[in-house]
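Right, one structure below, let's go through it.
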Amino acid sequence: MRPNIITEAGIPTRLNQWWSSIPFITSGVVLICGAIYLLCLLVGYDSYDTICFLPSAVASHFQVYRFYTSVLFHGSLLHVLFNMLALVPLGMELERIMGSVRLLFLMFLLASTNAILHLTIAFLVAYNPLYPVPYLVNECSIGFSGVIFSMIVIETSLSGVQSRSVFGLFNVPAKWYAWILLVLFQFLASNVSLLGHLCGILSGFAYTYGLFNYLLPGPSFYSKIEGLSALSVCVRRPGFILCTGGTAYGQLPTYSNTSAAPSALINGNFLRNISSWMPNRQASTVQEGEDPRFPGRARTLGSTGAEPTEREASAHLHARLLDNTTPSEPVTNSQHAVANTVRADATVTTDQVDTFDEELKKLVGMGFEKTQAEVALAAADGDPNVAIEILMNQQG
């Protein structure tokens with residue numbers, strides 16, 4: 001009897017541990033979408049035509065609220081379960097790197113751009129003179145899957161992996177992962193919005209290419225939000241992750257920041273290398289007491305300055321790969337104070353810079369690509385042996 005009791009107690013314990021590991025915004029979205037579905041189920045609400053994304057209603061009555069109500073409502077239990085299970089790993093990864101407030105802003109931005117793209121494409125296709133498809137403007141779409149497709153593109157771009165597993169059955173090239181999912185869902189599921197998912201993919205690529213950079217606020221915006229007294233209860237939650245220790249601008253790698261020639265975008269080797277997904281380093285003004293190669297990362301409250309674990313080291317590598325621009329605003333003393341609570345600022349000397357450049361030249365001389373070598377050497381804290389190990393693992 002004793003082993004059975006332990007086994008039965010282990011399931012809720014593991015579920016509780018899994019749920020407690022989900023960051024604040026990701027878990028909040030799951031709870032909100034789940035609660036809305038249950039409430040609709042209990043009260044018998046099924047008038048989705050009043051809250052779904054309906055291009056004709058948005059255009060004729062300017063019902064912009066449909067941009068956001070449509071992503072929170074779901075049509076069935078399977079619909080909401082599948083979307084939320086897909087959101088959790090994506091949201092966990094992005095929120096730990098970007099911070100909670102920054103991820104919330106990203107979701108809002110993606111929901112808005114997805115809807116605008118959906119509206120534009122629907123009317124262009126419906127009223128084109130060659131082959132009009134009028135039903136698109138009267139298609140009613142609901143669900144969080146459009147934002148999830150955008151997050152898939154962004155997370156895949158961030159990870160730098162060369163392949164992805166599709167439902168654990170087979171691997172596909174990472175750059176085609178979102179497109180293959182788009183096609184599979186059209187064949188495997190009924191009543192799926194092709195245009196809604198397509199617009200999610202397009203928004204994700206637009207974000208990674210840097211087309212939304214001018215819509216992204218600076219670090220001071222996130223700091224002010226986190227400093228609001230009305231949100232102090234949320235900020236003190238264990239799963240809330242601060243943005244103030246993260247990268248400048250909170251932007252992910254953008255293809256537009258690479259210095260490769262246009263023809264390199266279609267080169268097979270370029271697409272296979274991790275550098276096609278990561279930004280090239282650019283010279284930036286080094287402020288006193290700040291190393292631009294090590295911008296820090298979003299951290300939870302109460303985190304200590306102890307040596308990072310292997311998992312944290314991997315997360316640090318992600319954060320370092322995110323640094324692709326120079327701050328548009330000078331760092332204030334208050335921001336330095338917050339950053340100092342997360343990590344000690346590194347001091348860059350001329351000798352350290354020269355040593356880094358010499359080790360980088362050695363790695364390039366060994367046949368490694370410069371961008372890959374620079375990323376690996378930065379992640380290894382300048383240790384060439386560790387950098388070589390990272391590079392060999394990437395090639396393997």
Side-chain angles (χ1 to χ4, degrees), residues 10-11 14-15 17-19 21-23 26-27 29-30 33-34 37 71 74-97 107 110 114 141-205 207-208 252-253 255 266 268-278 310-311 314-315 317-318 321 390 392-396:
I11 295 176
R14 291 176 182 176
L15 286 175
Q17 292 174 345
W18 172 76
W19 179 256
S21 68
I22 303 176
T26 304
S27 60
V29 172
V30 172
C33 290
Y37 174 75
V71 302
H74 293 80
S76 67
L77 179 61
L78 185 62
H79 189 197
V80 68
L81 279 178
F82 193 88
N83 278 355
M84 295 304 102
L85 288 175
L87 170 66
V88 167
L90 292 169
M92 289 174 66
E93 180 70 14
L94 292 178
E95 186 167 355
R96 285 170 179 166
I97 294 173
M107 289 179 174
L110 293 175
N114 288 356
S141 305
I142 57 173
F144 207 81
S145 53
V147 176
I148 290 174
F149 266 90
S150 298
M151 295 174 68
I152 288 174
V153 174
I154 294 170
E155 196 276 333
T156 302
S157 171
L158 168 64
S159 67
V161 296
Q162 298 181 2
S163 64
R164 288 279 184 173
S165 174
V166 179
F167 306 133
L169 300 177
F170 56 92
N171 292 334
V172 298
K175 59 180 177 291
W176 299 113
Y177 179 60
W179 299 106
I180 291 174
L181 288 180
L182 175 69
V183 174
L184 285 178
F185 281 127
Q186 290 302 126
F187 283 104
L188 298 179
S190 60
N191 201 24
V192 174
S193 174
L194 172 64
L195 187 55
H197 292 171
L198 174 62
C199 292
I201 294 176
L202 295 178
S203 289
F205 276 112
Y207 184 86
T208 57
L252 292 174
Y255 300 100
I266 58 174
N269 292 330
F270 180 83
L271 289 174
R272 284 195 296 270
N273 289 330
I274 192 174
S275 60
S276 66
W277 301 99
M278 298 299 167
E310 181 179 355
R311 179 168 182 160
S314 176
L317 172 59
H318 280 184
L321 298 178
I390 293 174
M392 294 300 292
N393 290 335
Q394 290 175 352
Q395 292 183 352

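Because the structure is a prediction, the values reported are computed rather than measured.
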Inset, instruction - Starting at CG of Leu85, measure out to CD1 of Ile148 and round the result to the nearest 0.5 Å. - result: 9.5 Å

Inset, instruction - Output the distance between atom CD1 (Ile154) and atom CE (Met151), rounded to the nearest 0.5 Å. - result: 7.5 Å

Legend entry - Any donor-acceptor N/O pair, Tyr177 side chain to Val172 backbone, under 3.5 Å: no

Legend entry - Over 12 foreign heavy atoms within 6.0 Å of CZ, Phe167: yes

Legend entry - Approximate separation, where rounding is to 0.5 Å, of Gln186 CD and Leu181 CG: 11.5 Å

Inset, instruction - Would you mind reporting whether Arg164 and Ile152 have side-chain heavy atoms less than 4.5 Å apart? - result: no

Legend entry - CZ on Phe149 to CZ on Phe185, rounded to 0.5 Å: 5.5 Å

Inset, instruction - Report the C-alpha distance between Val30 and Phe144 in whole Å, list the side-chain angles of each, state the deciding distance to 0.1 Å, and finish with yes or no for side chain to side chain contact (heavy atoms under 4.5 Å, CB included). - result: CA-CA 10 Å; Val30 172; Phe144 207 81; over 6 Å; no

Legend entry - Nearest-0.5 Å distance, NZ of residue Lys175 to OG of residue Ser163: 10.5 Å

Inset, instruction - To the nearest 0.5 angstrom, please state how far the CG atom of Leu87 sits from the OG atom of Ser27. - result: 10.0 Å

Legend entry - Shortest non-hydrogen separation from Ser21 to Met92 and the atoms involved: O-CE, 3.8 Å

Inset, instruction - Look only at the side chain of Glu95 and the backbone of Thr26, and say whether a donor-acceptor pair between them is shorter than 3.5 Å. - result: yes

Inset, instruction - Considering non-hydrogen atoms only, spot the tightest contact between Ile142 and Gly75 and give its length. - result: CD1-N, 3.5 Å

Hey, can you pull the donor-acceptor pairs under 3.5 Å for the side chains in residues 196-205, sequence neighbours left out?
{"unit_1": "His197", "atom_1": "NE2", "unit_2": "Ser145", "atom_2": "OG", "d": "2.9"}
{"unit_1": "Ser203", "atom_1": "OG", "unit_2": "Thr113", "atom_2": "OG1", "d": "3.3"}
{"unit_1": "Ser203", "atom_1": "OG", "unit_2": "Asn114", "atom_2": "OD1", "d": "2.5"}
{"unit_1": "Ser203", "atom_1": "OG", "unit_2": "Cys199", "atom_2": "O", "d": "3.2"}

Legend entry - Closest non-hydrogen atom pair between Ser150 and Leu110, with its separation: CB-CD1, 3.7 Å

Legend entry - Within 6.0 angstrom of Trp19 CH2, more than 12 heavy atoms from elsewhere: yes

Inset, instruction - May I ask you to decide if Thr156's main-chain N or O and Ser159's side chain share a donor-acceptor pair within less than 3.5 Å? - result: yes

